[in-house]
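From a predicted model like this one, the values you see are computed outputs, not experimental measurements.
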Amino acid sequence: MSGTVNGSPDASAPVLAAYSYCEAVTGHQAGNFSYGIRLLPTAKRRAMSALYAFSRRVDDIGDGLLDVAVKQRRLEETRALLARIRAGGIEEDDTDPVAVALSHAARRFPIPLGGLDELIDGVQMDVRGESYETWDDLAVYCRCVAGAIGRLSLGVFGTVPGARDAARAGEYADTLGLALQLTNILRDVREDAANGRTYLPADDLAKFGCAAGFHSAKPPTGADFTGLVHFEVRRARALFAEGTKLLPMLDRRSGACVAAMSGIYRRLLDRIAEDPEAVLRGRVSLPGREKAYVAVRGLSGLDARGVGRRTAGGRA
């Protein structure tokens, strides 16, 4: 039986199968991300799942155990696939379900697919083992791997007609991506160190006596690790405060999705701030029931209304 989604004919059977594959990938691997996209209407949920599945493929290449040269080749092959998607060169019966789903999503929504090129650029930085001297340097990386995802998502969400400051929506989406990524970096500092990666800016590490890195469950001798974490937490909170100005610009379900994802990460950030050394002992996470509560709160619109009131008050 065929139906309609958002007033347009539903997808063909091969496209629906491709979306189902992407939704399975998202449900199995997305973790915090999945709590938000479950709140979207069908067409947007499918499109976000396609974006996630493609992004997951790129990330998996960068995080895998392949030789650097093989990773670089596979990333360029993925970039070539993206070019085919952008050019409309993927047929509905193509054997790659992620490409089929993303092609369909890009026809239905004004998704700026160049953001996925930026993601590939960011993962190539990981493959090359780049480190970052300053926050401005790290922000370039964060904009590639997370800010771009925010802008891609905005292509699916859209903004409500007449939304105040809608011209800045892309900027806010990008900033929110930076906030999420910095939270991830704090959470994963020990795991990244074990993999030979350092993301926090060298300037910040030196300032707090942490230049030796994080290779045990205890901070480096003489380091002010708590001071470092609280410094980065303040930076992330400022980014969240700016980025969540996007919420009042979105329709109820899209706003709920963004509020759920940002709310989960803000609570994660609070948990890290309460016990900074916990990130050296293992991965800090939230229980499922707390994530579900944040998602329900997002669906209620409380977060969007709160941001709207603060923004209006700031202009008064």
Side-chain angles (χ1 to χ4, degrees), residues 11 14-34 37 45-130 140-156 173-174 177-178 180-181 184-185 188 192 195-197 199:
V15 171
L16 290 176
Y19 276 130
S20 292
Y21 173 83
C22 293
E23 290 191 278
V25 169
T26 303
H28 182 65
Q29 298 188 46
N32 296 333
F33 186 81
S34 66
I37 68 169
R45 188 186 70 243
R46 288 172 177 165
M48 289 296 293
S49 294
L51 280 171
Y52 177 83
F54 190 95
S55 302
R56 180 76 267 163
R57 178 180 296 180
V58 175
D59 286 342
D60 285 346
I61 294 171
D63 292 338
L65 301 177
L66 300 170
D67 290 339
V68 169
V70 177
K71 288 183 178 182
Q72 291 283 19
R73 185 177 71 248
R74 292 199 176 178
L75 287 171
E76 289 307 324
E77 290 170 353
T78 306
R79 197 188 296 276
L81 175 63
L82 179 60
R84 286 180 55 209
I85 293 170
R86 187 184 293 110
I90 303 296
E91 301 294 333
E92 290 188 355
D93 60 354
D94 193 280
T95 57
D96 186 335
V98 176
V100 171
L102 185 56
S103 294
H104 185 271
R107 290 193 298 272
R108 174 165 284 186
F109 297 101
I111 300 172
L113 291 176
L116 291 170
D117 276 306
E118 293 181 58
L119 173 62
I120 294 171
D121 291 341
V123 173
Q124 285 180 324
M125 294 180 198
D126 282 337
V127 172
R128 292 193 298 267
E130 293 191 16
V140 172
Y141 168 79
C142 291
R143 284 199 165 89
C144 286
V145 298
I149 301 301
R151 286 177 267 118
L152 286 158
S153 301
L154 184 61
V156 175
D174 182 272
L178 266 65
L180 298 176
Q181 187 63 23
N184 273 337
I185 287 169
D188 297 339
D192 289 333
N195 291 324
R197 294 178 180 173
Y199 290 101

side-chain contact (heavy atoms from CB on, under 4.5 Å) with [X]: which residues, sequence neighbours excluded?
X	result
Ala101	Ala18, Tyr19, Cys22, Ala50
Ser153	Met48, Ile149, Phe157
Ala99	Leu81, Ile85, Ile90, Asp96

Quick check: do [X] and [Y] have side-chain heavy atoms less than 4.5 Å from each other?
X	Y	result
Arg151	Glu118	yes
Ile61	Val123	no
Gln181	Leu178	no

Nearest 0.5 Å please: distance from the [atom1] atom of [X] over to the [atom2] atom of [Y].
X	Y	atom1	atom2	result
Ser49	Leu102	OG	CG	11.5 Å
Ser34	His28	OG	NE2	11.5 Å
Leu51	Leu113	CG	CG	7.5 Å
Leu82	Leu75	CG	CG	12.0 Å

Quick one: side-chain hydrogen bond (donor to acceptor under 3.5 Å, both in side chains) partners of [X], sequence neighbours excluded?
X	result
Gln29	none
Asp63	Arg197
Arg128	Glu130
Gln124	Gln72, Glu76, Arg79

Result block: side-chain N/O donor-acceptor pairs under 3.5 angstrom for residues 140-147, not counting sequence neighbours:
from   : atom 1 : to     : atom 2 : distance (Å)
Tyr141 : OH     : Asp126 : OD1    : 3.2
Tyr141 : OH     : Asp126 : OD2    : 2.9
Arg143 : NE     : Asp174 : OD1    : 2.7

What pairs of residues pass the salt bridge (Lys or Arg N to Asp or Glu O under 4.0 Å) test when at least one of them lies in residues 64-75, not counting sequence neighbours?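 Of all non-adjacent pairs touching residues 64-75, those that pass salt bridge (Lys or Arg N to Asp or Glu O under 4.0 Å) are Arg73-Glu77.
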Applying salt bridge (Lys or Arg N to Asp or Glu O under 4.0 Å) as the test, list every pair that has at least one member in residues 16-29; sequence neighbours left out.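 The answer is Glu23-Arg45.
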What is the minimum heavy-atom distance between [X] and [Y], and which atoms define it?
X	Y	answer
Pro112	Leu152	O-CD2, 3.0 Å
Ile111	Ala105	CD1-O, 3.8 Å
Ser55	Leu116	OG-CD2, 3.7 Å

With side-chain contact (heavy atoms from CB on, under 4.5 Å) as the test, would you mind laying out the steps for Tyr199 and Asp192 before giving the verdict? CA-CA 8 Å; Tyr199 290 101; Asp192 289 333; 3.4 Å; yes
Among all residues two or more places apart in sequence or in another chain, which pass the ring-ring contact (aromatic ring centres under 6.0 Å, His included) test with Tyr21?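 Partners of Tyr21 by the ring-ring contact (aromatic ring centres under 6.0 Å, His included) criterion come out as none, since no residue qualifies.
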Not counting sequence neighbours, which residues clear ring-ring contact (aromatic ring centres under 6.0 Å, His included) with Phe54? List them please.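 None.
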Take Leu16 and Arg46, measure what side-chain contact (heavy atoms from CB on, under 4.5 Å) needs, and give me the verdict at the end. CA-CA 9 Å; Leu16 290 176; Arg46 288 172 177 165; 3.4 Å; yes
